[in-house]
Number of protein chains: 2
Amino acid sequence: MNLLVTLDENYLGPLFTMLYSLHINDPQAKVHLWLIHSAMPPEALEKTQHYCRSFGWQFTPLEAEDSLFEGAPVLRYYTKAMYYRLLAFCILPEQVDRVLYLDPDTLILNPLSPLYHLPLEGMLYAACCHTGLSQITGPVNRARLHSSEDTGYFNSGVLLMDLNTQRQNIQPNEIFDYARAHASELILPDQDILNALFAERILPVDDTLYNYDVRQYDAYRLLSSGEKTMDWVMENTAILHFCGRFKPWTPSARGRFVALYKHYAHLCRQYMRQLPNS
Amino acid sequence: MNLLVTLDENYLGPLFTMLYSLHINDPQAKVHLWLIHSAMPPEALEKTQHYCRSFGWQFTPLEAEDSLFEGAPVLRYYTKAMYYRLLAFCILPEQVDRVLYLDPDTLILNPLSPLYHLPLEGMLYAACCHTGLSQITGPVNRARLHSSEDTGYFNSGVLLMDLNTQRQNIQPNEIFDYARAHASELILPDQDILNALFAERILPVDDTLYNYDVRQYDAYRLLSSGEKTMDWVMENTAILHFCGRFKPWTPSARGRFVALYKHYAHLCRQYMRQLPNS
């Protein structure tokens, strides 16, 4: 299973916690972790290598070449790193034909293989709309991005990618041109670009299974007529996503899922302390 | 490590969840589980035996003999089973000199050995007062039970027992006599009797480490001047106790620690499904 993350050194702690939860809750997964980065210190890369190897996984870091971004506008506070997930099809080697991108503010509670092996049937991506909020934000975002009424607003935190289909159908300049033309309207640039350019070529996937927004527990439960209780989540949800500003690794984090997150963060630190030095 | 539980068939699910959390978070523990019961069905005992053996643990069920309870009054809605933990010193074999009693509505997050190996120095028990609430309920309970001002009101959900000292110092009739004389005043009979008769011979232990009342997160944090955050709990607390009426295994359970509990309940069920039949 090819997994992709694109992050800098500040997110290594959350990445290790997420990977630990994957190791515990999807023990059968044979993972090849790909990291697209710029200027990650060699010690951090070695540490990640060592950690992945301890699970029997492969790890390949890829430094994004500047030449790829020659046509790219840099938007507001965002660096070119925000393009990495959208340009993964140019950066990952040709033999990688499918990859699951995961934000590091996620926790894996059940196996990923049903998502990973989903038939994409010619679509570029599979992704989730956050259904709990979509009745409010969906129409606003669709209007803002001049997109069709028929699709929701996809969250870019969990993205299954058919890289071959992308290689055949997407030009990097298409992305840069859109970013340049709409610079002032973009709020979350990578996610907005994904939705504006590709929404109709994204296979929608159930967010309560694969991109569960932890802030929306009450909405999910209500919208499912009470079916999606906490027991249901624990039995069924594969990916919890700690969306929003208040991250579960901060000391003041609050909410229903914070204890669970922090327990995994603790198990991960404990595991890493016991690892022999490479 | 000798662990004691006293429960009926209805609590097997919570017991298995608690034991699973112990197996994961105290992997070094070599457990001998003792169960004092009356009329637990043989299939339930076999299932528990099989489960314990899968962890490499020992399991011994002991049926409490009726003769032991000849002098015992039965209080209100409580059966004689409420005496089991207080009379464990009569029921467990002589060679067992120390045992840790655990309520089944607990979750083990860190190793139990520091508690288990605590020097008891002539005391009968080690136990915790719930400090978060003790400023309110402590004085009330002390007055109600006519007990000294110097001790708090101990929770009987986690009890480390020096069985030899108990065998030398406690007569079962002492317990039955107190129960008979004070029947109308007792609210939680076993816990009230423990406090009324033995409070001064109980070694107080930090509840935030070994009997963390999940309802009291805010109080614990406040009383520790902010030190006891959720991160602190995950790093330090060994025993979470889901006190009170609303149990974490019910579908409608709410609260900060419910997701963590239900995740372990799920892992436990998953583990049991994969166990080969004995």
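A, B, ... follow the sequence lines: proteins, then strands. Residue 1 opens every chain.
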Is it true that, when you exclude B:Tyr271 itself, more than 12 heavy atoms of the residues, nucleotides or ligands shown sit nearer than 6.0 Å to its OH?
yes

Has A:Glu227 got more than 12 heavy atoms of other residues, nucleotides or ligands less than 6.0 Å from its CD?
yes

Residue-level contacts of residues 107-117 of chain B with chain A, using a heavy-atom cutoff under 4.5 Å:
B:Leu109, B:Asn110

Could you name the residues of residues 231-245 of chain A that have a heavy atom within less than 4.5 Å of a heavy atom in chain B?
A:Asp231, A:Met234, A:Glu235

Could you state the interatomic distance from CD1 (B:Ile24) to CD1 (A:Ile24), rounded to the nearest 0.5 Å?
6.5 Å

B:Lys247: partners by side chain to side chain donor-acceptor pair (under 3.5 Å), with sequence neighbours left out:
B:Asp105

Partners passing side chain to side chain donor-acceptor pair (under 3.5 Å) against B:Ser156 (at least two apart in sequence or in another chain)
B:Arg85, B:Gln191

Does any part of the side chain of B:Met230, heavy atoms only, come nearer than 4.5 Å to the side chain of A:Arg254, both counted from C-beta?
no

Hey, does B:Asn25 have a side-chain heavy atom less than 4.5 Å from the side chain of A:His263?
yes

Toward chain A, the part of B:Tyr264 with a non-hydrogen atom under 4.5 Å:
side chain

